[in-house]
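Sequence lines set the chain letters: A, B, ... in the order given, protein chains first and strands last, and positions in each chain run from 1.
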There are 2 protein chains.
Amino acid sequence: MVLLDDRTRADRLVSDVSADIINGAFAPGDRLDELSLADRYGVSRTPVREALRRLASSGLVDVRPRRGAVVASITPAKLAELFGAMAEMEATCARLAAIGMTPMERRRLEEFHASMRPLAADGDAEGFAAANLTFHTQIYAGAHNGHLAEIASGLRSRLMPYRRAQFRTPGRLPRSHEEHGAVTAAILAADAPAAHAAMLRHVSLVEESFEQLANGYGDRKQDAGSPDRA
Amino acid sequence: MVLLDDRTRADRLVSDVSADIINGAFAPGDRLDELSLADRYGVSRTPVREALRRLASSGLVDVRPRRGAVVASITPAKLAELFGAMAEMEATCARLAAIGMTPMERRRLEEFHASMRPLAADGDAEGFAAANLTFHTQIYAGAHNGHLAEIASGLRSRLMPYRRAQFRTPGRLPRSHEEHGAVTAAILAADAPAAHAAMLRHVSLVEESFEQLANGYGDRKQDAGSPDRA
DNA sequence: TCACGCTATATTGAATACAATATTTGGAGA
DNA sequence: TCTCCAAATATTGTATTCAATATAGCGTGA
């Protein structure tokens, strides 16, 4: 068999299963039994087990010894904490980026931000979401600290399942783009406190918009961890 | 076969191999081939592989796909990154503590800081180190965000091996206590930016003092984790 | 009817077997 | 002697098999 890249089956499983969790194919609380997963992805249990452990270490799934794995479900309090932590990490990266980004990094960030304008204007939620990730990742990289970047992006992907509809809120796209603009401007101006503040505000607003949605259809118990999907 | 506890073989391997790395049975850079480890610990390759992946996720070993695992050797650059990340996390917690600590938390922090004065004055390095951990932990807790606290304390403990001699530098104790004083004052005054700055400065100074020591010995096997004393 | 315990089944943990890739070693040719 | 290539070897990745534990279902007795 020919591998298309040099990743191992387990590597790809980590991506695939995360994707399926993130895009909702598996909901929080769902059981992830090894045999079904192996079957679903056409591999044996061995790489599935490896992938599950790795996902566990990133917080996306819970594995209970001898009792299997489930998609991690989070209480509202815990979720708020995670959002808060992410906001702080993002703000920290933005501050460091403002201080230390190279001229080329600054130029690329500026260009990339500009390139997102059409997506926001056209209401292309999917395209904007993808570009949004790139935007934030550029700022992680600009902090020039691999560990902070890793922590921040880990938090972001862990929260992804709970942010699925974030850009569906009416008017959210242009507002997000504006907030990106404030962050970008502060970074380009090397204004560290402003970059920190702008990013903190941006991420907190996204969170708020999430909460509105959650309250909107959550009404009964929040859907954060109900095994039955919405 | 009877298990003495409900941990799995892989669980115990994680502890055993970490211990062997920390106490120097395996030195940074050493290859960890699965067969030898399996043989050494009397198990098969399967749990060994699982343990290696987990150790990798905690940063203790490096696994290169299809090329085996080695004991992670932290380069000076990586170490600096880790220190930088820790400083940022601590500063963030201090900022949040300044904003959100309850009156009781503030009072306890103030009292605890005062209680450290004699330790600093008497040059009790060991006592001061223990109290120092408590001081910082109080601030993590004061941030009222369990995740941030977890990240910060994880970084702190991961760096502990490299900071063992930090309070041996002449005059470091009283200076540390002074810096704690600045942090405490800012938190009590609910001055968030000042708390952030004071903590960043404090941790960075500790790092500097470490670097002075580190320049003493090269990157040959550092005493990265001699289990003796704190 | 309910509680309890036992058996049957399902699922995970570990060991072994097999496949694929990386590394080493030896030799051929310049 | 040195370089390069190829076969041999070693080591990791994956599949399969076996073992141990957890869960579910059933029956029995009070």
| request: Using the salt bridge (Lys or Arg N to Asp or Glu O under 4.0 Å) rule, collect all pairs that involve residues 132-157 of chain A, keeping only residues at least two apart or in two chains. | output: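 The answer is A:Glu90-A:Arg156.
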| field | Most 5' of A:Arg64 and A:Pro47 on DNA chain D, judged by nearest nucleotide | value |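 That would be A:Pro47.
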Please report the distance, rounded to the nearest Å, between [atom1] in [X] and [atom2] in [N].
| X | N | atom1 | atom2 | result |
| --- | --- | --- | --- | --- |
| B:Arg31 | C:dA22 | CZ | P | 13 Å |
| B:Leu35 | D:dA10 | CG | P | 11 Å |
| A:Arg49 | D:dT16 | CZ | P | 16 Å |
| A:Asp39 | D:dA15 | CG | C1' | 14 Å |
| A:Asp33 | D:dA22 | CG | P | 17 Å |
| A:Leu13 | D:dG13 | CG | C1' | 12 Å |

The side chain of [X] lies closest to which of these nucleotides: [options]?
| X | options | value |
| --- | --- | --- |
| A:Thr8 | C:dA15, D:dT14, C:dT12 | D:dT14 |
| A:Glu34 | D:dG13, C:dG13, C:dA15 | C:dG13 |
| A:Arg9 | D:dT14, C:dA14, C:dT12 | D:dT14 |
| A:Arg66 | C:dT16, D:dT14, C:dT12 | C:dT12 |

Under 4.0 Å from OP1 or OP2 of [N]: is there any side-chain N or O of [X] that close?
| X | N | result |
| --- | --- | --- |
| A:Arg12 | D:dT14 | no |
| A:Arg67 | C:dT11 | no |
| B:Arg45 | C:dA14 | no |
| B:Thr46 | C:dA14 | no |
| A:Arg53 | C:dG13 | yes |

| query | Which pairs, with at least one residue in residues 87-115 of chain A and sequence neighbours excluded, count as a ring-ring contact (aromatic ring centres under 6.0 Å, His included)? | reply |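 Listed once each, the pairs are A:His113-A:His177.
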| request: For the residue pair A:Ser176 and A:Arg172, confirm or rule out a side-chain donor-acceptor distance under 3.5 Å. | output: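 On atom types as modelled, these side chains qualify, holding a pair under 3.5 Å.
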| said: Under a 4.0 Å threshold between the charged nitrogen and the carboxylate oxygen, would A:Glu111 count as salt-bridged to A:Arg107? | reply: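 Looking at A:Arg107 and A:Glu111, the cut-off is met.
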| Would A:Glu50 and A:Arg53 pass as an ion pair if we require N to O under 4.0 Å? |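 Looking at A:Glu50 and A:Arg53, the cut-off is not met.
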